[in-house]
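Step one of this worksheet: look at the structure below.
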Number of protein chains: 2
Amino acid sequence: MSHYRLNYLQQIRDRGYRLTPQRALILDALCSLNGHATANQVYELIEAQAPAINRATVYRTLAFFCQLQMVSESQMNGATVYEIIQERPHHHLVCRLCGDVSLLEDHHLAELSQQLTQAHGFTADLNHLTISGICAGCQSGVGE
Amino acid sequence: MSHYRLNYLQQIRDRGYRLTPQRALILDALCSLNGHATANQVYELIEAQAPAINRATVYRTLAFFCQLQMVSESQMNGATVYEIIQERPHHHLVCRLCGDVSLLEDHHLAELSQQLTQAHGFTADLNHLTISGICAGCQSGVGE
DNA sequence: TTTGTTTTAGCAAATTTTTGCAATAACAAT
DNA sequence: ATTGTTATTGCAAAAATTTGCTAAAACAAA
Ligand SMILES: [Mn+2]
Ligand SMILES: [Mn+2]
Ligand SMILES: [Zn+2]
Ligand SMILES: [Zn+2]
């Protein structure tokens, strides 16, 4: 779950930006938190280790990584969560009733992605989609 | 573009909630704003007409309508926008470079929706999806 | 109508997120 | 190593959003 094999630190510089300790700390934190972390969780984890980072920096840096497509931002049960984008994308189904978050393999979106290219010339990001709805359990009445 | 033919006002009561003037005003505002309106736009429009609604009420009521699936909430170029859900769903492609928002017809999602049911027993909401990516214009270098 | 019950709205405060600006520090060039 | 340039950070303030609590009002039942 490390971001190091993705060479994101190097990529930051290659893309013309500066590699700061804060940026490295935030990528590290996202990795330790292992996906779907809130800005506040990132802040608190870093704060616990090296008590010298500003909340504004966390927010700005997360936005920066999203723009660079190194991190995804998604809404999950009300919270805004961040996750490192790995080389193989994955997605989620989120149940509106019980809050359950399940995995959706990327291949389910291949067809759609293709259609968007063909019909609209649009290259979809589709790094980490979350689709809301009602899960199997809640439909069969188990979730009640 | 009126919500009246959707009988949302009646539905509020039928589903066991109370029909308040604030709720009606917010649905009306969403209609006049004609889709993709921010909470603040809703607030300001109502404020201009009947200067007696609280911001907290706007936020809470928009969340309430989302829960009831009468209104959709989406992220569009940084802003959180709301739109009345009509009987026929529609979606959007949002360009990450130029910000262009284009229409995506619902039939493009039929295949995916079906797969989610088959493979996961999941009933996706798919009322108003927004997919981020790069539009045709920006790819051909027009958007630069 | 009037009354009683319970949901909803308003208000004020708390919390979260964004922003402007000056100081700092990355990095390229000497 | 030192220096200069410019992106990035921290800080403080502003703006946006959420929350707890009380008063108001919607609605059901008399
Ligand atoms: Mn994920
Ligand atoms: Mn729309
Ligand atoms: Zn569920
Ligand atoms: Zn574009």
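Quick note: numbers below take in every heavy atom, side chains included, and nothing from hydrogens, waters or symmetry partners. Residue numbering restarts at 1 for every chain, and letters A, B, ... go by the order of the sequence lines.
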Could you give the [atom1]-to-[atom2] distance, from [X] to [N], as a whole number of Å?
| X | N | atom1 | atom2 | result |
| --- | --- | --- | --- | --- |
| B:L68 | C:dT8 | CG | C1' | 14 Å |
| B:Q75 | D:dT17 | CD | P | 10 Å |
| B:Q67 | C:dT7 | CD | C1' | 14 Å |
| B:R55 | D:dT18 | CZ | C1' | 14 Å |
| B:I46 | C:dA9 | CD1 | P | 11 Å |
| A:N40 | D:dT17 | CG | C1' | 15 Å |
| B:N54 | D:dA16 | CG | C1' | 14 Å |
| A:L9 | C:dA26 | CG | P | 14 Å |

Do you reckon [X] sits in the same ILVMFWY cluster as [Y], going by side-chain contacts under 4.5 Å, direct or chained?
| X | Y | value |
| --- | --- | --- |
| B:L93 | A:L112 | yes |
| B:I53 | B:Y59 | no |
| A:V71 | A:M76 | no |

Worksheet item: Do B:H36 and B:H128 have side-chain N/O donor and acceptor atoms under 3.5 Å apart?
Response: yes
State, without any angle test, whether A:T130 and A:Q75 hold a side-chain donor-acceptor pair at a distance under 3.5 Å. no
Residues 103-114 of chain B vs salt bridge (Lys or Arg N to Asp or Glu O under 4.0 Å), sequence neighbours excluded, gives none
Salt bridge (Lys or Arg N to Asp or Glu O under 4.0 Å) pairs touching residues 62-82 of chain A, sequence neighbours excluded, are none
By nearest-heavy-atom nucleotide on DNA chain D, the more 5' of A:T57 and A:G78 is A:T57
Ranking B:A56 and A:A52 by the position along DNA chain D of their nearest nucleotide, the one closer to 5' is A:A52
What residues 12-22 of chain A contributes to the DNA chain C interface at heavy-atom separation below 4.0 Å is A:R13, A:R18, A:L19, A:P21
Sequence neighbours excluded, the answer for salt bridge (charged side-chain N to carboxylate O under 4.0 Å, His left out) partners of B:R96 is A:D125
Could you pull out all donor-acceptor pairs under 3.5 Å where a side-chain atom in residues 13-26 of chain B meets a protein atom, sequence neighbours excluded?
| residue | atom | partner | partner atom | Å |
| --- | --- | --- | --- | --- |
| B:D14 | OD1 | B:Q10 | NE2 | 2.8 |
| B:R15 | NE | B:Q11 | OE1 | 3.3 |
| B:R15 | NH2 | B:Q11 | OE1 | 3.4 |
| B:R15 | NH2 | B:L68 | O | 2.5 |
| B:T20 | OG1 | B:R23 | N | 3.2 |
| B:R23 | NH1 | B:R18 | O | 2.7 |

Query raised in the report: Taking atom types as they are modelled, is there a donor-acceptor pair under 3.5 Å from the base of D:dG10 to the side chain of A:R60?
Result: yes
The bend of the helix from C:dT1-D:dA30 to C:dT30-D:dA1, taken between the axes of its five terminal pairs at each end and rounded to 10°, is 40°
- Report yes if a side-chain nitrogen or oxygen of A:Y59 is closer than 4.0 Å to either non-bridging phosphate oxygen (OP1 or OP2) of C:dT17; otherwise report no. yes
